[in-house]
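Working notes, structure below.
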There are 2 protein chains.
Amino acid sequence: MTDPGPHAMTPEPMRGDAIVALLRAHGITPTYQRVQIAQFLFERDQHLSADQVLESVNARHAGVSKATVYNTLGLFADKGLIREVIADPARVFYDSNTHPHHHIFDMDRGTLQDIPATDVTVGTLPTLPEGMVVEGVDVIIRVRRPR
Amino acid sequence: MTDPGPHAMTPEPMRGDAIVALLRAHGITPTYQRVQIAQFLFERDQHLSADQVLESVNARHAGVSKATVYNTLGLFADKGLIREVIADPARVFYDSNTHPHHHIFDMDRGTLQDIPATDVTVGTLPTLPEGMVVEGVDVIIRVRRPR
DNA sequence: TTGGGTGCAAACTATTTGCATTCGA
DNA sequence: TCGAATGCAAATAGTTTGCACCCAA
């Protein structure tokens, strides 16, 4: 847990070589497609579906296929660069902020919002099944406009 | 919150007319397909995907289509008979236990396990966006066998 | 030259939709 | 009789897979 992640960096958009270094530091070969996607993801903290990433990345200068966006987001998540958020049954969101925090899910708009981890307290955890290890604790508050 | 739900009933499988009454009490017309599905769901507390429900219901005496299973589970969830659990990115689970509780998700097996609500404490909630109301708070502990 | 890594077209599958049919008033 | 509700075949859309290509050793 000594990895500072992308968020230890400056608030300005990261330069191309900073992105390349970040990918390398996570054991990811920095290809053209991956740099494009990472560049976009780390412009700021955001919650994006694969489709939104595809659209935005290709709006710039294109050349990245749908499958590659999916595979790359999965790879980034595996390597701990971004965080998968399972909140909307229709699609997976990827959160470019990997610091510990939780989420509010707007069921009407289908959008996510961060909650500081300190605003939620998770107390006692139950005994886990044998040989199992906690990968993460997700707290999702589902909100909507009253019907 | 005065609705006792199906769990106020006996531990034995509910009889057909008890299921019919339960559906009616929730404003659901008790058709053949819906009764078949409800009968199966409320045999015991369980976490099932739509596909598992389809298979099990049709293994008995059949006659329920895939689309109807999906639509019926959605209807039951809307009416508060069962609870949707969003934990596995690949499929939605339906929990026949609607009492407040949380879940452990086994990432290797893709299965859910209940946690008593009392084993997890959610402290301060943040201020919600204007005009929004909390539909539910989901806590999911993701576990897996260490790699 | 060769073997693992990469990108993507095509395939796959969970879920939704549109509509013919049925049901209750 | 008639409008609303129901069930399902077919369509949709998010995601995964299989394979041609590329590159470092």
Side-chain angles (χ1 to χ4, degrees), chain A residues 19-20 23-24 26-40 47-58 60-79 81-82 84-95 105 107-108 110-112, chain B residues 19-20 23-24 26-40 47-58 60-79 81-82 84-94 105 107 110-112:
Chain A
I19 291 283
V20 167
L23 295 183
R24 286 226 171 84
H26 284 260
I28 299 170
T29 308
T31 65
Y32 171 78
Q33 288 85 343
R34 291 170 180 176
V35 171
Q36 292 304 310
I37 292 170
Q39 187 87 249
F40 172 66
H47 307 100
L48 298 163
S49 67
D51 232 37
Q52 290 174 309
V53 173
L54 176 67
E55 209 174 332
S56 300
V57 167
N58 280 331
R60 298 197 170 179
H61 19 200
V64 186
S65 79
K66 191 180 242 205
T68 296
V69 169
Y70 276 90
N71 291 337
T72 299
L73 290 172
L75 177 67
F76 285 4
D78 272 355
K79 299 294 188 178
L81 260 179
I82 57 179
E84 250 185 6
V85 182
I86 315 297
D88 186 336
R91 65 184 63 77
V92 173
F93 282 104
Y94 293 91
D95 190 341
F105 179 65
M107 300 170 76
D108 296 327
T111 56
L112 287 170
Chain B
I19 292 284
V20 168
L23 295 183
R24 286 228 170 84
H26 285 260
I28 299 170
T29 310
T31 65
Y32 171 78
Q33 288 86 342
R34 290 169 181 177
V35 171
Q36 293 304 312
I37 292 170
Q39 188 87 250
F40 172 67
H47 307 102
L48 298 163
S49 67
D51 232 37
Q52 291 174 307
V53 172
L54 175 68
E55 210 174 330
S56 301
V57 167
N58 280 332
R60 297 197 170 178
H61 18 200
V64 186
S65 77
K66 190 178 243 205
T68 296
V69 169
Y70 275 90
N71 291 337
T72 300
L73 289 171
L75 177 68
F76 285 3
D78 272 354
K79 299 294 188 178
L81 259 179
I82 57 180
E84 249 183 7
V85 182
I86 315 297
D88 186 337
R91 65 184 64 78
V92 173
F93 282 104
Y94 292 90
F105 179 64
M107 300 170 78
T111 56
L112 287 170

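In this text, all values refer to a predicted model and were calculated from it rather than measured experimentally.
For DNA chain C, the span of nucleotides reached by chain B at under 4.0 Å from its heavy atoms goes, 5' to 3', from C:dA14 to C:dT17.
Listed by chain and residue number, A:E84, A:I86, A:Y94, B:P89 satisfy the side-chain contact (heavy atoms from CB on, under 4.5 Å) test with A:V92 (two or more places apart in sequence, or in another chain). A search for side-chain hydrogen bond (donor to acceptor under 3.5 Å, both in side chains) contacts involving A:Q52 returns A:S49, not counting sequence neighbours. With sequence neighbours left out, B:R60 forms a salt bridge (Lys or Arg N to Asp or Glu O under 4.0 Å) with B:E43. For A:R91, the side-chain hydrogen bond (donor to acceptor under 3.5 Å, both in side chains) partners two or more places apart in sequence, or in a different chain, are A:D88.
Separating the CG atom of B:D88 from the P atom of D:dT16 is a distance of 10 Å, rounded to the nearest angstrom. Atom CG of B:D78 and atom P of D:dA5 are 14 Å apart (whole Å).
Going from atom CD1 of A:I19 over to atom CD of A:Q36 covers 10.0 Å, rounded to the nearest 0.5 Å. Of the inter-residue distances, the one linking A:I82 atom CD1 with A:I37 atom CD1 reads 9.0 Å to the nearest 0.5 angstrom.
Using five terminal pairs a side, the axes of the helix from C:dT1-D:dA25 to C:dA25-D:dT1 at its two ends make an angle of 10°, given in steps of 10 degrees.
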*Reading nucleotides 7-15 of chain D from the 5' end, what letters show protein touch, with B for base, S for backbone sugar-phosphate only, - for no heavy atom under 4.0 Å?*
SBB----SB
Residues 69-78 of chain B side chain polar contacts: donor-acceptor under 3.5 Å, at least two apart:
unit_1, atom_1, unit_2, atom_2, d
B:N71, ND2, B:A67, O, 3.3
B:T72, OG1, B:T68, O, 2.6

